Every structure is written in structure tokens, then in C-alpha cells.
Amino acid sequence: MFSSKIRQWYKANKRALPWRESQDPYRIWLSEIMLQQTRVEQGLPYYKKFTENYPTVFQLAAASEEEVLKMWQGLGYYSRARNLHATAKHVAENLNGIFPDSYKELKKLKGVGDYTASAIASFCFDIPEPVVDGNVYRVLARYFGVDFAINSTEGIKYFKELASELIDKGNPAEYNQGIMEFGAIQCKPQSPKCGTCPLNDGCLALQKGRIEQLPVKLKKTKVKDRYFNYLVLRSEGETLIRQRRQKDIWQNLYEFPLIESKQELDIQQLEEHPYFTALLAGANYSLTLFNAQPKVHKLSHQHLYTKFWVVHLHAPIENGIPCQELDEYPMPVLIANFVEEYSF
DNA sequence: AAGACGGGGTT
DNA sequence: AACCCAGTCTT
């Protein structure tokens with residue numbers, strides 16, 4: 001039987017992970033938000049840091065969003081951190097610190113979707129709600145030879161129903177964890193270990209030589225090129241930073257004043273740019289390019305070609321901050337790397 | 001239904 | 001370069 005083989009495999013092969021020691025909804029919720037679209041190994045140090053700094057939802061709720069974003073720095077998808085903080089405040093202030101104990105109520109929390117609600121419901125409350133994440137899509141698509149695209153409306157519905165029929169109602173927590181772990185370790189995206197797979201006798205994809213083709217996923221998004229010019233002002237040990245407020249990448253993180261252009265800018269074009277002239281109006285400055293080759297920062301669907309321009313000033317910077325305090329602000333990895341490399 | 005949203009690892 | 005990762009939210 002599918003589910004019993006999954007559970008059997010899981011018992012023998014599961015990794016020791018800190019959130020598996022707990023059924024505390026706060027810890028499970030925290031781990032699940034962190035692990036969305038994120039590898040376990042990448043999320044692990046963040047989970048440890050968060051649970052040490054914020055042992056309960058009340059400490060997390062008491063923190064500022066900026067502090068939470070700083071702790072989240074480097075993990076990506078920062079809306080997760082903003083939603084995490086908002087939900088912590090909601091649970092602490094309106095729910096007496098107690099997380100909902102039903103799928104339906106869990107799903108109402110900001111940042112908690114179908115997958116995460118199912119995970120918390122099953123892991124914490126033994127509710128037989130199936131998790132369907134990237135691992136589960138792959139395992140089911142292969143074993144049952146499913147051709148529906150995992151990111152199509154009909155596919156999502158089909159896989160969820162299939163998962164509902166398969167879940168072990170006697171131990172949904174173990175089964176759910178099991179099928180995900182199985183997907184991560186045994187039924188991997190590339191080079192799955194079919195030779196030692198306990199399910200290889202019934203796997204349709206394996207029988208038909210379609211392991212490489214499944215699961216089916218609809219078209220990749222095309223990558224967009226963007227050209228960033230950061231103005232790194234310097235005077236008397238101070239510099240200038242801005243908080244990103246637009247509906248764009250890195251919302252609420254800090255960066256240096258930015259000039260974005262359609263094409264790469266040279267020094268002359270930069271000095272003629274309206275934003276540059278406005279910022280440096282009447283100032284006595286010397287301008288140098290830090291990196292001759294644009295730094296290429298790759299996001300999922302954007303390539304950022306970035307130049308860091310250092311502007312030395314002789315007069316104090318209005319609203320400047322001490323360079324030593326730069327590391328207190330939440331910043332994108334692109335900026336944090338520059339600050340590290342430039343060493344103010 | 002389709003895009004937007006990070007950063008890192010693997011092939 | 002392309003794909004993937006314990007997905008969710010917005011348009």
C-alpha cells in the first residue's frame with residue numbers, strides 16, 4: 001500500500017530536524033513559512049536564529065518589522081517576513097497567543113496558504129489534510145504517471161484530490177512528512193534513486209521510462225534585464241540610504257540612492273541624470289566607479305546589472321547615517337555584499 | 001489564469 | 001543557462 005510504504009521509508013530515512021522535535025504550532029508555523037520555496041539546508045540556520053531570539057509568538061510580535069526583516073536578510077521572498085510579523089502580532093494581540101487549530105482558520109492567516117495550512121493542521125493537530133508541495137507533485141506525478149501540469153488549475157485540483165485519497169488518516173502527520181521527505185531524498189528531481197526505491201515496482205513513470213519527463217510544468221517565465229546605478233555618498237564617515245517603498249522587489253529593505261536606467265550608464269550620462277543633479281545640486285563632489293564590470297545579481301526572473309558609484313563630498317550629508325551603522329539595516333544581498341566588499 | 005516575488009544549489 | 005526548492009499573493 002502506497003501510504004504504508006511511504007511511512008515505512010520515512011521511519012528509516014528521516015533527517016533529524018529541529019522542527020520535528022515539536023508540535024508547537026508557533027514553531028511549526030515558523031518553520032513552514034521559512035521553508036516555502038526554500039531548501040531545508042538554507043532555512044535551518046534562520047530557524048535556529050529565530051527560535052533563539054523569539055522563543056514564543058509574543059517575542060516575535062513585540063519586535064519591529066525592521067528587526068524581523070534584518071533577521072530574515074538573505075533568505076529571500078521578503079513578503080514572507082512581513083507577513084510573518086503581521087501574523088505574529090495578530091495571534092499575540094487578538095488570539096491570546098494561540099494559533100487556530102483548524103485548516104480553515106489557519107488559512108486565513110497572512111502568508112498561510114493551502115500547503116502551510118495543511119502542514120500545520122496535520123503536524124500539530126493530527127488533522128488528515130494532505131500537503132501538496134513540490135516534492136509531493138513530483139512523487140505523485142511519477143508514481144501515478146500524471147500528465148497534468150503541476151502549475152495548471154486543473155493539475156492543482158487533480159493532485160490535491162489524489163493526495164486526499166492517499167493520505168493515511170491514522171497518522172497524517174507522519175505520512176505528510178514522509179512523502180515530502182521521500183520526494184526530497186529518494187524521488188529527487190534529477191537522478192532519483194529508483195534502484196533502491198521501495199515503490200519502484202508500482203511506479204508508472206519508471207515502467208514507461210518517463211521519470212525525466214514528469215512532473216510536467218508549464219512554461220518558465222522569461223528573465224528581464226534591469227540596470228541599476230547606486231550612488232554611494234561619502235562624507236565625514238557618513239553615507240545615505242533609502243528604504244524601498246515601491247511595489248517592486250525588496251519592499252521595505254534599505255539600499256543606497258538608486259538610479260535605474262534602460263541601458264548601462266557611463267559617468268557622463270549619470271551626471272546628466274535628473275535624479276543625480278537633484279541629489280547633488282550645487283555640491284562639490286568627486287565621482288568614481290567602484291566596479292568597472294557591472295555586478296550581475298540574478299533573481300528568479302530578473303538579472304540586475306549593477307554599478308556602484310562612489311561620490312565623495314566635502315560638505316556633510318543631509319540625513320546621512322554613520323557608515324558603521326549600515327549593518328543594522330535590512331538590506332538585499334546585493335547591497336550587503338557591496339558593503340562587505342567595499343569595507344567603509 | 002498569469003505574474004511577481006530572492007537567493008542558493010545542481011546539472 | 002535552466003531548473004528546482006516544505007508556496008503565497010496580486011492582478
Side-chain angles (χ1 to χ4, degrees), chain A residues 10 14-15 17-20 27-47 69 72-84 86-87 106-120 122-123 130-139 149-157 159-160 163 173 176-185 187-192 212-213 215-226 244 246-253 296-304 330-337:
Chain A
Y10 181 60
K14 71 175 194 177
R15 292 168 287 183
L17 298 171
W19 46 86
R20 289 185 174 157
R27 301 207 164 210
I28 299 301
W29 163 73
L30 179 60
S31 70
E32 292 304 336
I33 301 298
M34 285 182 167
L35 293 174
Q36 290 167 3
Q37 293 290 285
T38 303
R39 281 191 172 67
V40 165
E41 308 82 67
Q42 190 186 1
L44 199 44
Y46 288 84
Y47 177 82
L69 281 171
W72 197 273
Q73 182 178 310
L75 200 51
Y77 282 159
Y78 297 94
S79 65
R80 292 185 295 169
R82 298 192 302 269
N83 287 334
L84 183 84
T87 292
L106 283 163
K107 209 166 175 301
K108 291 180 182 172
L109 303 175
K110 272 187 190 173
V112 176
D114 198 339
Y115 163 78
T116 303
S118 298
I120 300 173
S122 62
F123 299 169
V131 293
V132 186
D133 73 335
N135 296 121
V136 176
Y137 280 124
R138 184 170 54 256
V139 172
I150 63 173
N151 54 347
S152 68
T153 303
E154 58 179 356
I156 291 168
K157 188 160 176 262
F159 281 101
K160 176 83 176 183
N176 273 344
Q177 300 239 25
I179 190 168
M180 288 193 288
E181 187 84 334
F182 180 79
I185 293 178
C187 194
K188 300 181 295 178
Q190 298 99 2
S191 319
E212 312 280 316
Q213 305 163 20
V216 175
K217 195 170 181 177
L218 261 33
K219 62 164 183 285
K220 44 276 177 184
T221 59
K222 37 184 174 287
V223 176
K224 180 183 171 190
D225 291 331
R226 299 175 73 175
R244 290 182 68 90
Q246 321 86 310
K247 194 175 57 188
D248 194 359
I249 57 173
W250 303 331
Q251 193 174 103
N252 292 8
L253 301 196
V296 186
H297 188 75
K298 294 179 178 177
L299 307 180
S300 301
H301 47 289
Q302 296 182 22
H303 288 357
L304 310 178
M331 300 180 300
V333 165
L334 173 65
I335 304 300
N337 285 348

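Letters A, B, ... are given to chains in the order of the sequence lines, protein chains preceding strands, and every chain is numbered from 1. Only a predicted model underlies this, so the values are computations on that prediction, with no experimental measurement involved.
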Under 4.0 angstrom, heavy atoms only, what part of the nucleic acid is [X] near: base, sugar-phosphate, or nothing?
| X | answer |
| --- | --- |
| A:Asp114 | sugar-phosphate |
| A:Asp248 | sugar-phosphate |
| A:Trp72 | nothing |
| A:His297 | sugar-phosphate |
| A:Arg20 | base |
| A:Gln302 | sugar-phosphate |
| A:Gly183 | nothing |
| A:Ser31 | nothing |
| A:Val131 | nothing |
| A:Leu75 | base |

Closest non-hydrogen atom pair between [X] and [Y], with its separation:
| X | Y | result |
| --- | --- | --- |
| A:Leu299 | A:Leu304 | CD1-CD1, 4.1 Å |
| A:Arg80 | A:Gln36 | NH1-O, 2.9 Å |
| A:Trp19 | A:Ile28 | O-CD1, 3.4 Å |

Of the options B:dC5, C:dA6, B:dG6, whose atoms approach the side-chain atoms of A:Leu35 most closely?
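It is C:dA6.
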
To the side chain of A:Arg39, which of B:dC5, C:dT8, B:dG8 is closest?
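That would be B:dG8.
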
Is a donor-acceptor pair below 3.5 Å formed from side chain [X] to base [N], judging by atom type as modelled?
| X | N | result |
| --- | --- | --- |
| A:Tyr77 | B:dG6 | yes |
| A:Thr38 | B:dG6 | yes |
| A:Ser300 | B:dG6 | yes |

[atom1] atoms of [N] and [M], separation to the nearest Å:
| N | M | atom1 | answer |
| --- | --- | --- | --- |
| C:dC9 | B:dG8 | C1' | 23 Å |
| C:dA6 | B:dT11 | P | 14 Å |
| C:dT8 | B:dG9 | P | 24 Å |

A:Tyr46 and A:Trp72: aromatic ring centres closer than 6.0 Å?
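Centroid separation for A:Tyr46 and A:Trp72: 6.0 Å or greater.
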
Has [X] got a side-chain N or O lying under 4.0 Å from the OP1 or OP2 atom of [N]?
| X | N | value |
| --- | --- | --- |
| A:Trp250 | B:dG7 | yes |
| A:Lys188 | C:dC5 | no |
| A:Tyr78 | B:dG7 | yes |

Would you kindly compare A:Gln37 and A:Ser191 by the position of their nearest DNA chain B nucleotide and give the one closer to the 5′ end?
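Upstream on the strand: A:Gln37.
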
Would you say A:Gln73's side chain and A:Met331's backbone share a donor-acceptor pair under 3.5 angstrom?
yes

Reading DNA chain C from 5' onward, which residue's closest nucleotide shows up sooner: A:Phe123 or A:Val223?
A:Val223

